[in-house]
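Contents: one structure, followed by commentary.
Note on naming: letters A, B, ... go to the chains in the order of the sequence lines (proteins, then strands), and numbering restarts at 1 for each one.
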Amino acid sequence: MHLWSKLFLPTLREAPADAEVASHKFLIRAGYVRQLSAGIYSYLFLAQRSMVKITGIVRQEMDKIGQEFYLPALNPREVWEASGRWTVMGENMFRLKDRKGADLCLGMTHEEVMTEIARKELRSYKQLPQIWYQIQTKFRDEPRPKSGLLRVRQFTMKDAYSFDIDAAGLDASYEKHRETYKAIFSRCGLKFVIVKADSGAMGGSGSEEFMVHTDAGEDLIASCEKCGYAANIEKATSKLEAVQDLAPEGDGRPLLVHTPGMKTIDDVAKFLGVSPRNKMKTMAMMAEVKAASASSSHKDGKPVLRPIVVMLRGDHSLSEAKLAAAVGSALPGAEIRPMVEDEIRAVFHSPAGFLGPVGLTRAEGDGQKVATLAKDGKSYSEGVILLVDSALQGRSNLIGGANQEDYHLKNVTPGRDFTPTGYADLRPVEAGETCPECGEGKLTVAKAVEIGHIFKLGYKYSESMGARVLDSNGKEVTPIMGSYGIGIERILTSAIEQNHDEDGFWLPPAIAPFTVVVVVTNVKDAALMEAAKKVAADLEAAGHDVLLDDRDERAGVKFKDADLVGIPYRVNVGRGVAEGKVEVFTRATKEKKEVGMNEVAGSIGSR
RNA sequence: CGGGGCGUAGCGCAGCCCGGUAGCGCGCCUGCUUUGGGAGCAGGAUGUCGGAGGUUCGAAUCCUCUCGCCCCGACCA
């Protein structure tokens, strides 16, 4: 039992001016955390208690499928060079030097270190499968920390890694994690959804994210109420209605039309009397590939530029995440940005506003070929990667820019009038489009926070770092890997986002720092104090974590504080005591009920 | 990194235009009264005005540089 009067629980009446989202405001007002620097927080008593409860649940569930390790946060450069990510991680990685001048970094994730162990130690298929996990601090130099604990530079992650002999094994390990994650988040009292996800910088094939719906979230997820399809907007697809193509004009070859001053899609469509759906949008992007210092041929250290032209239907927009995914394998670690004016002129020989795909010097071959070209470092700057959104596949007689001022082209048919480097899904779905799976439901798009992510990594790290085991035939094979993360603080923050009102928040009992706060309305009344101590002791005996508010404060002050700090139940010991009664208050519903002093423990929801 | 905003007491803010005494509310300390939804009265403490340089007799206030923090866009647990 803890006595409030002896604790340091610095609650505030007002939230700091720079806190925007609910969890940030309340974590500070309730005295859970204090900020040290941008994206760096100190966890005080209540936050730490909650964190310990959360990690306890995570550990209990993870121990059913894996083994807990504890790896160093301080990593030597070499292991990150081995996977190629010393360069790829760029500015997001905290880097430092030791006294001898050797490069080190603070771990952002631990594929490298785990794989290093596997590489050195695993020898035989008989040792597989393995699932290794840890709960540890991660460091990421985020470009923009924000929203209190939601996006920070130092945080706690449960990260797990699986090693299997083959794809079927990986499937099994992945499925174990999926089930374990469901158990963990359910026990933590969160309402969550599982969505298909983009694999991002981690590489690999399949991945799913565990998401909590909240407006404080930074992710968008598309879902179908009808069949349950759900995917991150970076990955979500939809079924588009067919568009009626225009009839060819003249001889059917690309036809120059004068469009004076018409730069936007809408202007041109209106001017020519067609729908934007019959137009093509040409987006000029530039990929900057950071020089891969040790492994590649570019020793000058300058980033290599590679133009990427994206064709979209006139009324569609570009998903930069999907573009990055489409280009990712060919240009690892590339940063993609819109071209600047000079670059547009160099590539198109035309001012912006009249850009089009016809006549561009594109890169040879299909997407695969581009990857090859990029890898041997020969043809970086030759030609343009011309990617066409799949919504334009099979379309004909489109209208696009002519690469000269005030002119557009009619009768443009992809594949005939220009040859794409490849087709890819490059646009974000929008709310109201048709579900790609059931073909019936309409998609909704909503904000969410990512609390967990599971990946089928494949061979990326085991291959690049040279992990090998002998199979049952004595043949050397590369183990296949998975990686699985949970953001511990985000369990806390998203629980607050899901459970708050204007007065404060209430955590699910399993992760609350205390399950019950016993409030004595007047500590100078010996009979009340006596009764409160007994009630508190009974609750503790019944397995609750009890906080006794024995401060010499007016009842109103204590009620306000109790409402604020996230404790799901409150027992008021006051005026009812004369009749042997106390009040049980459920924070979530604000319901009060009178119960006999001796029946309190039984009247509070299970913990 | 691009764009916007803010740094004055523990928290929330005013003062800055128009240079001269640093102020308000909450919180904190002491005493008395009060005691079921952030009490009342009386007394009290607390500031490198983010930092550096400059202008000036004089700078929180004007100028320059700088650091920090927050928000909006590209990344991720």
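- Distance from the side chain of A/Glu14 is smallest to B/rG12 among B/rG12, B/rC69, B/rA77.
- Taking 3.5 Å as the limit, the base of B/rC76 and the side chain of A/Asn92 contain no donor-acceptor pair of atoms between them.
- Counting any heavy atom pair closer than 4.0 Å across all strands shown, A/Glu142 reaches a base atom.
- Residue contacts for A/Thr137: at a heavy-atom cut-off of 4.0 Å it reaches no nucleic acid atom on any strand shown.
- When heavy atoms are screened at a 4.0 angstrom cut-off, A/Val152 is found touching base atoms of the nucleic acid.
- In this structure, the CG atom of A/Asp552 is 13 Å from the P atom of B/rG36, given to the nearest Å.
- Closest approach to the A/Lys524 side chain among B/rU34, B/rG38, B/rG12 is made by B/rU34 (side chain taken as heavy atoms from C-beta onward).
- Under a cutoff of 6.0 Å and an axis angle of 45°, A/Arg49 and A/Phe514 form a cation-pi pair.
- What you find for A/Met211 and A/Ala448 is that their closest heavy atoms are CB-CB, 4.0 Å.
- Within the 4.0 angstrom heavy-atom criterion, base atoms lie near A/Arg570.
- Listed nucleotides: B/rC75, B/rC70, B/rG68. Nearest to the side chain of A/Asp18: B/rC70.
- Both tests do not hold together for A/Arg95 against A/Trp80: distance to the six-membered ring centre under 6.0 Å, angle to the ring axis within 45°.
- Taking the ring centroids of A/Trp132 and A/Phe69, they lie under the 6.0 Å cut-off.
- Within 3.5 Å, no donor on the side chain of A/Gln35 pairs with an acceptor on the base of B/rG68, nor the reverse.
- The distance from atom CG of A/Asn522 to atom P of B/rA39 is 14 Å, rounded to the nearest whole Å.
- Taking the side chain of A/Leu12 as heavy atoms from C-beta on, and the options B/rG12, B/rC11, B/rU35, the nearest nucleotide is B/rC11.
- Positionally, the nearest nucleotide of RNA chain B for A/Lys592 lies more toward the 5' end than for the other of A/Lys592 and A/Glu450.
- Regarding A/Arg153, its CZ atom lies at a distance of 9 Å from the P atom of B/rG68, rounded to whole Å.
- At B/rC72, one or more side-chain N or O atoms of A/Lys146 fall inside 4.0 Å of OP1 or OP2 (strictly under the cut-off).
- Listed nucleotides: B/rG36, B/rC76, B/rC11. Nearest to the side chain of A/Arg151: B/rC76.
- Searching all strands for a Watson-Crick or G-U wobble partner of B/rC1 with both distances below 3.5 Å returns B/rG73.
- At a threshold of 4.0 Å, the pair A/Asp538-A/Lys534 counts as salt-bridged, since one of the basic side-chain nitrogens sits closer than that to a carboxylate oxygen.
- As judged by a 4.0 angstrom heavy-atom cut-off over every strand, A/Asp525 is placed among residues making no nucleic acid contact.
- Side-chain proximity of A/Arg13 to B/rG38, B/rC76, B/rU34: nearest is B/rG38.
- Checking B/rG37, B/rU34, B/rG36 against the side-chain heavy atoms of A/Thr521 singles out B/rG36 as nearest.
- Residue A/Pro16 is classed as a sugar-phosphate contact, given heavy-atom separations below 4.0 Å to backbone atoms only.
- When the C1' atom of B/rG10 is taken as reference, atom CZ of A/Arg29 falls 15 Å away, rounded to whole Å.
- Comparing B/rG12, B/rG36, B/rA77 by their closest approach to the side chain of A/Arg490 singles out B/rA77.
- Partner assigned to B/rU30 is B/rA42, using Watson-Crick or G-U wobble distances below 3.5 angstrom.
- Computed from coordinates, the A/Ile28 CD1 to B/rC70 C1' distance equals 12 Å when rounded to whole Å.
- Nearest nucleotide to the side chain of A/Arg144, out of B/rA77, B/rC71, B/rC75: B/rC71.
- The A/Arg140 side chain lies nearest to B/rC76 when the options are B/rG68, B/rC76, B/rG36.
- Ionic pairing of A/Asp389 and A/Lys281 is not present here: no N-O contact between side-chain nitrogen and carboxylate oxygen is shorter than 4.0 angstrom.
- In terms of phosphate contacts, A/Ser37 brings a side-chain nitrogen or oxygen within less than 4.0 Å of OP1 or OP2 of B/rC69.
- A salt bridge does not link A/Asp550 to A/Lys533: none of the charged side-chain nitrogens sits closer than 4.0 Å to a carboxylate oxygen.
- Within the 4.0 angstrom heavy-atom criterion, no nucleotide atom of any strand lies near A/Ala19.
- Between the base of B/rG38 and the side chain of A/Glu553 there is no donor-acceptor pair shorter than 3.5 Å.
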